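Not measured: the values here are computed from a predicted model. Both counts, for ligands and for their atoms, begin at 1 and track the order of listing.
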Amino acid sequence: MARSQWGSRLGFILAATGSAIGLGAIWKFPYVAATNGGGAFLLIYFLICLSVGLALMLGEMALGRAAGNSAVGTFRDLRGGRWPLVGFVGVLVCFLIYSFYSVVGGWTIAYIGKSFGGEILTSDAKVLGNIFNGFITDPALPLVYHGLFAGLTLAVVIGGVQKGIENLSKFLMPALFVLMLVLIARALTLPGAVDGLLYFLTPDFSKVTGTMLVDAMGLAFFSLSLGMGIMITYGSYVDKEANLLSSSLWVIALTVLTCFLAGLMVLPAVFAFGFDPSAGPGLTFITMPAVFAQMVGGQLFAVLFFFLLLVAALTSSVSLLEVVVSFVIDEFKVGRKAAALGVSLLVFLLGIPASLSLGIWSEYTVFGLGFFDLLDFLTSKLLMPVGEVLLAIFVGWKVWPVIEAELSAGARVPAWLRAMRGFCRYVAPALIAGILVHNL
Ligand code: LEU
């Protein structure tokens, strides 16, 4: 069977951007930035994305295109030995992340319903907090929405690479940008918003700590979909003429821009309403309704916002499922439909304890973490960094000629490419390993 291909180069960039931009940028970034002191975090996050992030993204895309195989197969084709294990770590990370990602994806569907009902259209922090906590701690409802979200993701992945993923990204990602700009305009004109703006934009370097660096690095990789085989898999569907450097730069620029816009949308409003910036995972879900409550046609904006957030989450969850599915298809010679169904079912089951750990199972902890937080810790702080160190070593030391051939397209090796080799050989592994050690 011929390997699927993206319909166009723009389609590839949009799909990769669709994978990158999701709950990470819009849900995670504002609350992680807020708890890490704002401005300095923003700057460090940018720097990481543009350095280590760029090198790894280029590396992943080049590997995938060179091998034309899924995450595990790529390492096997290019080198063999124990290296396919790195691909396997990626597949595992996608599988684990997908289980709790789908739970949060379900929240966005529930909030579309709550916007229609109008119950969230208030600026009262207490009411909004109660609605959010009441919902996520409910033993049954979030599971229904988790199932719905996983079902939607499944439908797109069964539709296949080009039709399903590409079409979804092409129309709705631009719509999300426009809506965010409108919401920012409203948020910034709220009385008291300036304090939030200053908090977000003024770097206070006394806030830079080991924990902040770890958070920034974890979020950078999470939001750029790196270290889990996604860009390898997506790269394997790219034609040989596509310019991977400009594609990567586009993906990174758009993702970083979305994080920035999400911060502008959420943080000034947090300050304007006197909410607690360290509210954690509920921040976007609690703050944005308060903004809608202050808008003419707020209910419509609320529905639109949560719908587009759902789409952003879907284009990301699709990439998570796609990595696992293409691994199963390539390794076990199973059909796409059967593979997607089987994986979705497993993911749904794993998401159940994740969701319940926020409510009735909250007293069950491992290392002091509930199951939801444990999955997040295991993936973002442990497995992803391990995968990334190995990936950087693989790219810089083991298969560099292949990467160079992919990226220079036969022309003379440009200076940036030589810099990238040094970066992958020495800087990236040292940096990421340092962070890993700090985590442990
Ligand atoms: N990059 C995605 C996001 O920020 C997450 C990834 C795990 C698919 O939502």
Side-chain angles (χ1 to χ4, degrees), residues 13-33 45 48-49 53 56-57 60-61 71 89-108 149-150 152-153 156-157 165 168-169 172-173 176 180 215-235 248 250-263 281 284-285 308-326 343 347 350-351 354 372 375-385 387-388:
I13 294 178
L14 280 174
T17 311
S19 164
I21 298 177
L23 296 171
I26 304 168
W27 160 69
K28 234 180 180 194
F29 180 83
Y31 81 79
V32 180
Y45 170 83
I48 294 175
C49 285
L56 292 187
M57 185 169 297
E60 284 202 29
M61 286 181 179
V89 170
V91 174
L92 181 68
V93 166
C94 281
F95 182 76
L96 296 177
I97 290 186
Y98 182 26
S99 65
F100 70 88
Y101 202 87
S102 172
V103 171
V104 181
W107 299 353
T108 64
F149 185 85
L152 284 173
T153 308
V156 180
V157 168
I165 305 176
L168 198 62
S169 309
L172 295 169
M173 299 308 289
L176 178 68
M180 284 177 89
D215 280 352
M217 176 94 65
L219 187 62
F221 294 146
F222 185 93
S223 62
L224 293 175
S225 300
L226 292 176
M228 42 193 135
I230 291 179
M231 294 303 166
I232 295 181
T233 307
Y234 275 24
S248 306
W250 270 111
V251 176
I252 292 177
L254 289 171
T255 307
V256 164
L257 178 67
T258 310
C259 286
F260 182 66
L261 293 182
T284 302
F285 287 89
L308 290 173
L309 186 56
L310 166 66
V311 174
L314 266 178
T315 54
S316 302
S317 64
V318 155
S319 65
L320 291 168
L321 181 56
E322 178 66 25
V323 168
V324 189
V325 166
S326 82
V343 175
V347 159
L350 193 64
F372 186 103
L375 283 174
D376 190 17
F377 179 83
L378 251 180
T379 50
S380 285
K381 304 220 162 129
L382 228 57
L383 291 174
M384 276 165 63
E388 280 138 11

Residues in side-chain hydrogen bond (donor to acceptor under 3.5 Å, both in side chains) contact with Thr255, at least two apart in sequence or another chain: none

Tell me, please, which residues at least two apart from Thr284 pass side-chain hydrogen bond (donor to acceptor under 3.5 Å, both in side chains). none

Contact check, side chains of Trp27 and Phe285, non-hydrogen atoms, under 4.5 Å: yes

Between ligand 1 and the protein, which N/O pairs are shorter than 3.5 Å?
{"residue": "ligand 1", "atom": "1 (N)", "partner": "Ser19", "partner atom": "O", "Å": "3.1"}
{"residue": "ligand 1", "atom": "1 (N)", "partner": "Ala20", "partner atom": "O", "Å": "2.9"}
{"residue": "ligand 1", "atom": "1 (N)", "partner": "Phe222", "partner atom": "O", "Å": "2.8"}
{"residue": "ligand 1", "atom": "1 (N)", "partner": "Ser223", "partner atom": "O", "Å": "3.2"}
{"residue": "ligand 1", "atom": "1 (N)", "partner": "Ser225", "partner atom": "OG", "Å": "3.0"}
{"residue": "ligand 1", "atom": "4 (O)", "partner": "Ala20", "partner atom": "O", "Å": "3.0"}
{"residue": "ligand 1", "atom": "4 (O)", "partner": "Gly24", "partner atom": "N", "Å": "3.1"}
{"residue": "ligand 1", "atom": "9 (O)", "partner": "Leu23", "partner atom": "N", "Å": "3.0"}
{"residue": "ligand 1", "atom": "9 (O)", "partner": "Gly24", "partner atom": "N", "Å": "2.9"}
{"residue": "ligand 1", "atom": "9 (O)", "partner": "Tyr101", "partner atom": "OH", "Å": "2.4"}

Spacing of CE belonging to Met228 relative to OG belonging to Ser319, to within rounding of 0.5 Å: 7.5 Å

No-hydrogen, no-angle side-chain donor-acceptor test under 3.5 Å, Tyr234 and Ser225: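 No donor-acceptor contact under 3.5 Å links the two side chains.
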
Using ring-ring contact (aromatic ring centres under 6.0 Å, His included) as the criterion, list what pairs up with Phe372, not counting sequence neighbours.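 Per chain and number, Phe372 pairs via ring-ring contact (aromatic ring centres under 6.0 Å, His included) with Phe100.
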
